2 protein chains.
Amino acid sequence: MKETSLTPERDETIYSHLHAAICDSRLLPGTRLPEDTLAETFGASRTIIRKVLQRLAYDGLIEIRPNRGALIAEPSVPEARDIFATRRILECGALAEMAGKVSAADLAALKAINAAEDEAQLKGDRAAAIRLSGEFHVRLVDLAGNAVLSELVARLIARSSLIIATYGSPISVTCRHSEHEQIIDLIARGAFTEAAQWMGEHLTTIERSLRWEQETPDLQAVLREFIDGSAAGRGK
Amino acid sequence: MKETSLTPERDETIYSHLHAAICDSRLLPGTRLPEDTLAETFGASRTIIRKVLQRLAYDGLIEIRPNRGALIAEPSVPEARDIFATRRILECGALAEMAGKVSAADLAALKAINAAEDEAQLKGDRAAAIRLSGEFHVRLVDLAGNAVLSELVARLIARSSLIIATYGSPISVTCRHSEHEQIIDLIARGAFTEAAQWMGEHLTTIERSLRWEQETPDLQAVLREFIDGSAAGRGK
DNA sequence: TCCTTGTTGATTGTATACAACCATACCCCA
DNA sequence: TGGGGTATGGTTGTATACAATCAACAAGGA
């Protein structure tokens, strides 16, 4: 891959690199992003880095705390629920507006993505599986032919990968292959209402597979348990 | 109006000033926004102005052309249609999730906004009427209790004011008072499904009241017609 | 031991200088 | 007279220097 594009739009390439790294869970929530480090890494000045960081903050992928620097966002539980609820509204709405706009080639492209995701899952490539799963949802919404809608959904899906990185269990974090297949079949049959209903349940399934409770390491309780254990069992 | 806030977060205040000016149609689509001029006006350096402009560009309220500066965005017809279609999906979806969350105080607040809009309309204060009409929609969606959804809708409504500024006829550009009233009534009765349906039709009504045709002065056609007219003496 | 307070190092916030670029206007040549 | 190449002014793009801020640490006193 090109290391740095010397000519134009360095900020664009830096942005996409960071965006990809976050969505692939190669940069985990909570990771700090000092401007100097990034500037050195990408061979750019802090001015460029700053522009990129602001854009990522708008996307909700990082958080910029005044005077304290940027870090990969850690979505709160309410925020995560809101994101999935909004995705349900948007993606189901997209399906409802898709009637008569879907070609056979579109369906074939979706199937290809689905197959690639399946393969990645079998090979144990978790990052690729998550990325392809997201791409399936994005491409699906694209079929509605609404650029504004597509962009909103793409952003929410990027944030969803942060949610999965924060709350997902190591296994079964991504969509079940069969559910995507089912949606494709329903669209092929022109059953858009049923497809939308399936999509709603599909997203609910993903949301349910997350572990909301583990948030907040609960330092107090952990330490107390440790002290109790050492006090009752072996002396200090 | 306050000229400059000397203390902190100048960018925030500058942003909100510009945002308000755009949404109130005091800055019309196509207006150029040179960095120097803005910097001088607000008493800040170009660094601050740049940050604000990027944020406005992200909101879709201005367009930044590389090396050529920023200008108030002029939404294209397809973009405008997409924005309204997306609003329909989101606002109707919000209504559907509102069951059991609406208090009497919420309804009273909506009625107050509606009354204020009505008053502004009677007084002929077009800017205030547009602003209050938008505020009604935003506050309504807030009742769903989904912060992510609220933010998306708020952004789309801000862009809608640009659409109205570009394509709206001088009269009847804003929502009809009675339609907002009707939605409040339906919510008060707990008829959220009907309210969502009404909202959909309401947004379609707004969209239909715009004049899509006048966009693109159609230079080619105009000139050809002119030439034909002078050449043929009258017409074809 | 705990709390307070001053210092220090690192990091971000802002302004400004300079380079790059585009659009206009001008001039020369056919 | 018109077309094309070229200066020029004005505007944006980028880097860097400096100021402001915060967190961590150390030292002093109760």
Side-chain angles (χ1 to χ4, degrees), chain A residues 2-18 22 27 29-74 217 219-220 223 227 236, chain B residues 2-18 22 27 29-74 217 219 223 227:
Chain A
K2 233 8 185 359
E3 183 56 22
T4 54
S5 73
L6 296 165
T7 31
E9 294 155 355
R10 267 171 307 173
D11 50 343
E12 188 63 33
T13 70
I14 295 175
Y15 169 80
S16 57
H17 279 181
L18 281 175
I22 295 173
L27 285 173
T31 307
R32 297 201 56 211
L33 300 169
E35 297 179 356
D36 283 339
T37 306
L38 294 176
E40 207 171 336
T41 303
F42 288 106
S45 95
R46 277 182 53 215
T47 307
I48 306 290
I49 299 301
R50 236 141 186 291
K51 181 154 66 161
V52 171
L53 289 179
Q54 295 219 91
R55 194 162 154 202
L56 289 168
Y58 290 146
D59 290 335
L61 296 182
I62 73 172
E63 187 184 346
I64 298 182
R65 300 166 303 178
N67 290 310
R68 304 202 33 212
L71 45 77
I72 309 290
E74 308 176 87
L219 185 58
Q220 300 268 353
L223 288 185
I227 294 171
K236 184 155 171 217
Chain B
K2 227 15 184 353
E3 184 57 22
T4 54
S5 74
L6 296 165
T7 33
E9 295 153 355
R10 267 172 307 174
D11 50 343
E12 188 63 33
T13 70
I14 296 174
Y15 170 80
S16 57
H17 279 181
L18 281 175
I22 295 173
L27 284 174
T31 307
R32 298 199 57 210
L33 301 170
E35 297 180 355
D36 282 340
T37 306
L38 294 176
E40 208 171 335
T41 303
F42 289 105
S45 96
R46 279 181 52 216
T47 308
I48 306 289
I49 300 299
R50 248 154 171 281
K51 181 155 59 161
V52 171
L53 289 180
Q54 295 208 165
R55 193 162 153 201
L56 289 169
Y58 181 84
D59 289 335
L61 296 181
I62 73 171
E63 186 185 347
I64 298 183
R65 301 165 304 176
N67 289 310
R68 303 197 38 209
L71 43 78
I72 309 291
E74 307 177 88
L219 187 57
L223 288 184
I227 293 171

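Note that this is a predicted model, so its numbers are computed, not measured. In the text below, chain A, chain B and the rest are named by the order of the sequence lines, each starting its count at 1. Side chains are part of it too, since the values below use all heavy atoms of this structure and drop only hydrogens, waters and symmetry mates.
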Using whole Å, what does the distance between atom [atom2] of nucleotide [N] and atom [atom1] of [X] come to?
{"X": "B:Leu38", "N": "D:dT11", "atom1": "CG", "atom2": "C1'", "result": "13 Å"}
{"X": "A:Asp36", "N": "C:dA10", "atom1": "CG", "atom2": "P", "result": "11 Å"}
{"X": "B:Arg46", "N": "D:dT11", "atom1": "CZ", "atom2": "C1'", "result": "8 Å"}
{"X": "B:Glu40", "N": "D:dT12", "atom1": "CD", "atom2": "P", "result": "13 Å"}
{"X": "A:Phe42", "N": "D:dA15", "atom1": "CZ", "atom2": "P", "result": "14 Å"}
{"X": "A:Gln54", "N": "C:dT12", "atom1": "CD", "atom2": "P", "result": "13 Å"}
{"X": "B:Asp11", "N": "C:dT12", "atom1": "CG", "atom2": "P", "result": "17 Å"}
{"X": "A:Arg65", "N": "D:dA20", "atom1": "CZ", "atom2": "P", "result": "23 Å"}

As a test of reading the structure: which of [options] is closest to the side chain of [X], going by heavy atoms?
{"X": "A:Asn67", "options": "C:dA15, D:dA15, D:dT21", "answer": "D:dT21"}
{"X": "A:Lys51", "options": "D:dT12, D:dT14, D:dA23", "answer": "D:dT14"}
{"X": "A:Arg10", "options": "C:dT14, D:dC22, D:dT14", "answer": "D:dT14"}
{"X": "B:Arg68", "options": "D:dT12, C:dA23, D:dT16", "answer": "C:dA23"}
{"X": "A:Thr47", "options": "D:dA15, D:dA17, D:dT12", "answer": "D:dA15"}
{"X": "B:Ile48", "options": "D:dT12, C:dT14, D:dC22", "answer": "C:dT14"}

(request) List in chain and number order the residues that pass side chain to side chain contact (heavy atoms under 4.5 Å, CB included) with A:Thr31, two or more places apart in sequence or in another chain; answer none if no residue qualifies. (result)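 A:Thr31 satisfies side chain to side chain contact (heavy atoms under 4.5 Å, CB included) with A:Leu27, A:Leu28, A:Ile72 only.
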(request) Give the minimum heavy-atom separation between A:Ser45 and A:Ala39, together with the two atoms involved. (result)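 Looking at all heavy atoms of both residues, the shortest contact is C-CB, 4.1 Å.
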(request) Give the minimum heavy-atom separation between A:Leu56 and A:Tyr15, together with the two atoms involved. (result)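 In this case the closest contact between A:Leu56 and A:Tyr15 is CD2-CE1, 3.5 Å.
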(request) Quick one: which residue pairs count as a side chain to side chain donor-acceptor pair (under 3.5 Å) with a foot in residues 63-73 of chain B, not counting sequence neighbours? (result)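 Passing the test, one end in residues 63-73 of chain B: no pairs.
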(message) Distance check, rounded to the nearest 0.5 Å: B:Glu35 atom CD versus B:Thr47 atom OG1?
(response)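 If I round to the nearest 0.5 Å, the distance is 9.0 Å.
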